[in-house]
Number of protein chains: 2
Amino acid sequence: MTHDQLKEALDTLKDTGVRITPQRHAILEYLINSMSHPTADDIYKALEGKFPNMSVATVYNNLRVFREVGLVKELTYGDSSSRFDFITTQHYHVICEQCGKIVDFHYPGLDEVEQLASHVTGFKVSHHRMEIYGTCPECLAKEAH
Amino acid sequence: MTHDQLKEALDTLKDTGVRITPQRHAILEYLINSMSHPTADDIYKALEGKFPNMSVATVYNNLRVFREVGLVKELTYGDSSSRFDFITTQHYHVICEQCGKIVDFHYPGLDEVEQLASHVTGFKVSHHRMEIYGTCPECLAKEAH
DNA sequence: TTATTACTTTATAATGTTTATAAATAGTGT
DNA sequence: ACACTATTTATAAACATTATAAAGTAATAA
């Protein structure tokens, strides 16, 4: 499974015209296999053995590239450094209040909210539901006349 | 209204044994009146006129104190610096799937999700809806027999 | 396969936010 | 007003992240 994810990710890179370097391969592989949500430094340290000369900047640069291509999500919790997460599909819906159109909106699960809710209320939380409402670009254009 | 909020906040400080200094008063006042979500530096700059000698550390220290006392929420979006928000009541619902009970659950608005949704889909977002589902403590206890 | 070209990596320095420190100052309760 | 202790200030330090320029390397086509 994780092998397929890596292959897909590499295909995504190829399709987007992003070069596949050994460092990028290794960082992606680490992100996919990592259960935790590593910081840039975690990744840097983890790959030190394989790439003794790799620069921290390389890790940051590539995490940014992955994020721009949509492979990786940057998580900013309260602590000092960002955490990075390989994106597996999951989505919410954005709903147009004018025409009813529903657009998928990918976003990592709101684990934090569930955890806090559970902690505060004593509930055993099973899931949550979220929808976002607004006006779609087409209806916005119509409005503009 | 905002005057009451300030008064309440000051009472909270007094009750918690936190000294009320002119700087703290001013920072709280600024946070309450501010519609945006200011960074520490925003606050520092905004109060420069009133407190020409105030140190940046004072702003950071007090924001931490306010956060620890529960008056202020620290928001970490992707950008470089944290933003701070005076906590006004606002809540979601946690719903028991067994007995239907609804419990209020306070949580700062999911601005980040709305912003990202807007950015990705091109929608003009008006609001969102979120509910959390699970089993309440009472029903959990019944289950436990 | 090799040459070419543009993109990447590396090493380093720089930037910017946040925290630590110690001396000076000022709230609070008596 | 006094004494006690928290707080402020000024400064330096720590830390994550980004910028820069030179060296290296992946992809493409001849």
Side-chain angles (χ1 to χ4, degrees), chain A residues 9-30 37-69 71-85, chain B residues 9-30 37-69 71-85:
Chain A
L10 293 173
D11 284 348
T12 301
L13 290 188
K14 195 171 284 180
D15 292 349
T16 328
V18 174
R19 289 188 186 167
I20 297 165
T21 66
Q23 294 88 337
R24 284 182 177 159
H25 190 114
I27 294 172
L28 270 181
E29 197 172 22
Y30 182 79
H37 302 196
T39 63
D41 198 58
D42 290 337
I43 298 170
Y44 177 63
K45 288 209 173 64
L47 300 181
E48 223 167 22
K50 221 179 272 182
F51 300 89
N53 294 322
M54 184 168 64
S55 171
V56 204
T58 299
V59 177
Y60 279 101
N61 286 339
N62 289 328
L63 287 171
R64 186 176 59 238
V65 169
F66 297 159
R67 189 188 56 204
E68 285 167 358
V69 171
L71 287 174
V72 160
K73 161 94 184 146
E74 180 171 358
L75 308 169
T76 55
Y77 299 134
D79 51 353
S80 51
S81 36
S82 287
R83 300 174 170 280
F84 295 86
D85 213 10
Chain B
L10 292 173
D11 285 347
T12 301
L13 289 188
K14 195 171 283 179
D15 293 348
T16 329
V18 174
R19 289 186 186 168
I20 297 164
T21 66
Q23 293 88 338
R24 284 183 178 157
H25 190 112
I27 293 172
L28 269 181
E29 197 173 20
Y30 182 78
H37 302 195
T39 64
D41 198 57
D42 290 338
I43 299 170
Y44 176 63
K45 288 211 172 63
L47 301 180
E48 223 168 20
K50 220 178 274 182
F51 300 90
N53 295 322
M54 185 168 62
S55 171
V56 204
T58 299
V59 177
Y60 279 101
N61 286 338
N62 290 328
L63 288 171
R64 186 174 61 236
V65 168
F66 297 158
R67 190 188 56 204
E68 286 168 356
V69 171
L71 287 175
V72 161
K73 161 100 182 139
E74 181 172 359
L75 308 169
T76 55
Y77 301 133
D79 51 352
S80 51
S81 36
S82 287
R83 300 173 170 280
F84 295 87
D85 213 9

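Numbers restart at 1 for each chain; the letters A, B, ... are given by sequence-line order, proteins then strands. Bear in mind the structure is a predicted one, so any value in this text is a computation, not a measurement.
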Side-chain donor or acceptor of B:Thr16 paired with backbone N/O of B:Thr12 under 3.5 Å: yes

Reported CD1-to-CZ distance for the pair A:Ile43 and A:Arg83, which is rounded to 0.5 angstrom: 10.5 Å

B:Gln23 side-chain N/O to D:dT9 phosphate OP1/OP2 under 4.0 Å: yes

Rounded distance (Å) that lies between atom C1' of D:dT8 and atom CG of B:Leu47: 14 Å

Distance, nearest 0.5 Å, that separates OG1 of A:Thr21 from NE2 of A:His25: 10.0 Å

Side-chain donor-acceptor pair present, B:Thr39, B:Asp42, cut-off under 3.5 Å: yes

Atom-to-atom span, CZ of B:Arg83 to C1' of C:dT17 - whole angstrom: 13 Å

Presence of A:Ser82 side-chain N/O under 4.0 Å of D:dA16 phosphate oxygens OP1/OP2: no

Closest approach of B:Arg19 to B:Arg24 (non-hydrogen atoms, all atoms of both residues): O-NH1, 2.7 Å

Pairwise distance CD(B:Gln23) to CG(B:Asn53) - rounded to 0.5 angstrom: 10.0 Å

Short side-chain N/O contact to C:dG27 OP1/OP2 from B:Arg24, under 4.0 Å: no

Separation of C:dT8 C1' from A:Phe66 CZ (nearest whole Å): 12 Å

Separation of atom CD in B:Glu68 from atom P in D:dT7, rounded to whole Å: 11 Å

Separation of atom CG in B:Leu13 from atom P in D:dA6, rounded to whole Å: 16 Å

Sugar-phosphate, base or nothing in reach of B:Asn62, heavy atoms under 4.0 Å: sugar-phosphate

Five-pair end axes of the helix from C:dT1-D:dA30 to C:dT30-D:dA1 and the angle they enclose, rounded to 10°: 50°

B:Leu63 CG to D:dT8 C1', straight-line distance once rounded to whole Å: 15 Å

Euclidean distance, atom CG of residue B:Leu28 to atom C1' of D:dT7 [Å, nearest integer]: 15 Å

Between A:Glu74 and A:Ser82, a side-chain donor and acceptor under 3.5 Å: yes

Close side-chain approach of B:Tyr44 and B:Asp41, heavy atoms under 4.5 Å: yes

Nucleotides 18-30 of chain D: protein proximity per nucleotide (B base, S sugar-phosphate only, - neither; heavy atom, under 4.0 Å): BB-----BBS---

N or O in side chain of A:Thr58 less than 4.0 angstrom from C:dT10 OP1/OP2: yes

Point-to-point distance, once rounded to the nearest 0.5 Å, from CG of A:Leu71 to CG of A:Asp85: 12.0 Å

Selection from C:dT10, D:dT9, D:dA16 that lies nearest to any side-chain heavy atom of A:Met54: C:dT10

d(CD1, B:Ile43; P, C:dT17) in whole Å: 14 Å

